[in-house]
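All remarks here apply to the structure that follows.
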Amino acid sequence: MVSRVIPVDPFDLVLFGATGDLAQRKILPGLYHRFEVGQMPDKARIIGTARSDMNSDGFRDLLRASMQKFAPDFKADTLDQFLSRVEYVPVDALGDAGWKTLGKSLSDDAVRAFYLSVGPSLFSGIAQRLHDHGMATPDSRIVVEKPFGHDLASAKALNEGLRACFEEHQIYRIDHYLGKETVQNLMALRFANSLFEPLWNSTHVDHVQITVAETVGVEGRGAYYDQSGAMRDMIQNHLVQLLCLTAMEPPSKFSSNAVRDEKVKVIEALEPVAQADIARGQYRTGTGGDGYLDHVDNPASRTESFIALKAHIGNWRWAGVPFYLRTGKRLRARESEIAVFFRDPPHTIFPNVGPLHGNVLVIRLQPDEGITLRTTIKEPGQGGFRLSDVALDMSFADALGDDSQSPDAYERLIMDVIRGDQTLFMRGDEAEAAWAWVDPIIHGWEERGDRPSRYDQGSSGPEEALMLMHRDGRRWRQIGG
Ligand code: NAP
């Protein structure tokens, strides 16, 4: 297999929030890696902006220090060449300072991308000033970070603010989960193979489990996280996106609008979730360290650091098939996967072997991206006919060797922005539809004043999450198993 890096068109990438954590830790090191592999053409430039008063040399020094910390594998002379493409202009996003200088620094014959790595409260103001200063040309792109709103009303307001100055085809709402190799492979697995698609429906699928488990807690982000919680921070965007890619109908072609049309249909078909089908938790203080409440300002906080819920998609393909979603912090392992459980075989011809188990297809996002299919085989050797479950395991690293070293999700997504490919970005109606499903669920527990249950650090979440499955006669896949 040949690794191919196709250089993109010359671009000016204006990075708002360039001194911030995300820019220094992910976006700029990611751009360096694209430069190192030769994807950035000669005329590509990165113009960092923030309020901090410094010149381009000062910004390059800052970035050099960040590279030592976050991407220490860099090559010194390549980094020097990369830094010669990097400039800095101080700009106050909500004031007048810096905008004229920024406008003058842009070239007329390069793709313009404005990356807003700043809080959402700045999105509309920046879009407006880009428009007012004539920088928002019809071919320019604007990229916005998550969170895209706090609820449906705020997402609508953000969409309005952006659309007042940019067309929808210019707006790129990032969900970095969609840039992961396995997520895209899910589409290849489903739509480039004929094996699975005929089975991909309620006749053959018993249920689906989608898990995004983290070992980190909320330390350092407590104040922000406490206003949000697992439902807003993870389910509304990442897990709903994974659910969409698993459940959507085959798009007529692999184009951004065809794919996103199908995803919106899935979200709009999501049924309201009953309270009995939700389990929320907060990790408690324990041997693993401080508890959730130690990191937030409100000692009576009812925000969840864990949530599990059972969703149903009301359409012909998925009627009656539960999609169990689960995500949380300070859990046993860092693990993200989609597991499709096929129905048990209807009849066994093997006497005395007990009930047969259905196949399980697991699409692993992290760690060790790959795909596993649980199958039943005869145990090898003498001593009667015994069956056992084995995993047909395809780790991309083993199967593809160096070619599995795919770019980080951010790197891929930024290059898609330059190429003008929106397939892996959320459309405005998609973000709104997801909030329209999530909002009533949150209102429900807020109105009832529900408290999340406590769970131990290093566990799989609260007891209620296990019960949610047990009641249905099913079990979660073990986290870190
Ligand atoms: P951060 O560390 O607080 O950085 C914010 C950046 O915005 C700084 O460069 C700051 O620089 C700049 N800024 C703030 N107010 C400004 C203004 N009025 N005008 C111009 N620049 C201004 O935040 P972050 O963690 O990088 O996050 C940035 C965005 O990405 C947020 O929307 C966050 O939710 C999202 N995000 C972050 C992560 C992450 O891992 N950090 C992950 C996913 C999404 P000055 O103070 O110098 O102006």
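Just so you know, these numbers use all the heavy atoms, side chains as well, and skip hydrogens, waters and symmetry mates. Whatever order the structure lists them in is the order used to number ligands and atoms, beginning at 1.
- Among residues at least two apart or in separate chains, salt bridge (charged side-chain N to carboxylate O under 4.0 Å, His left out) pairs with a member in residues 229-247 are K146-D233, R221-D233.
- At least one side-chain heavy atom of R448 sits less than 4.5 Å from a side-chain heavy atom of Q275.
- Side-chain contact, H33 with D408: no donor N or O sits under 3.5 Å from an acceptor N or O.
- Sequence neighbours left out, the pairs with a member in residues 97-124 that pass salt bridge (charged side-chain N to carboxylate O under 4.0 Å, His left out) are D108-R112.
- Note on residues 123-139: pairs passing salt bridge (charged side-chain N to carboxylate O under 4.0 Å, His left out), not counting sequence neighbours, are D139-R141.
- D421 and T423 share a side-chain donor-acceptor pair at under 3.5 Å.
- Within 4.0 Å of ligand 1, contacts by protein heavy atoms are made from G17, A18, T19, G20, D21, L22, R25, A50, R51, S52, V91, D92, A93, S117, V118, G119, P120, L122, E145, K146, P147.
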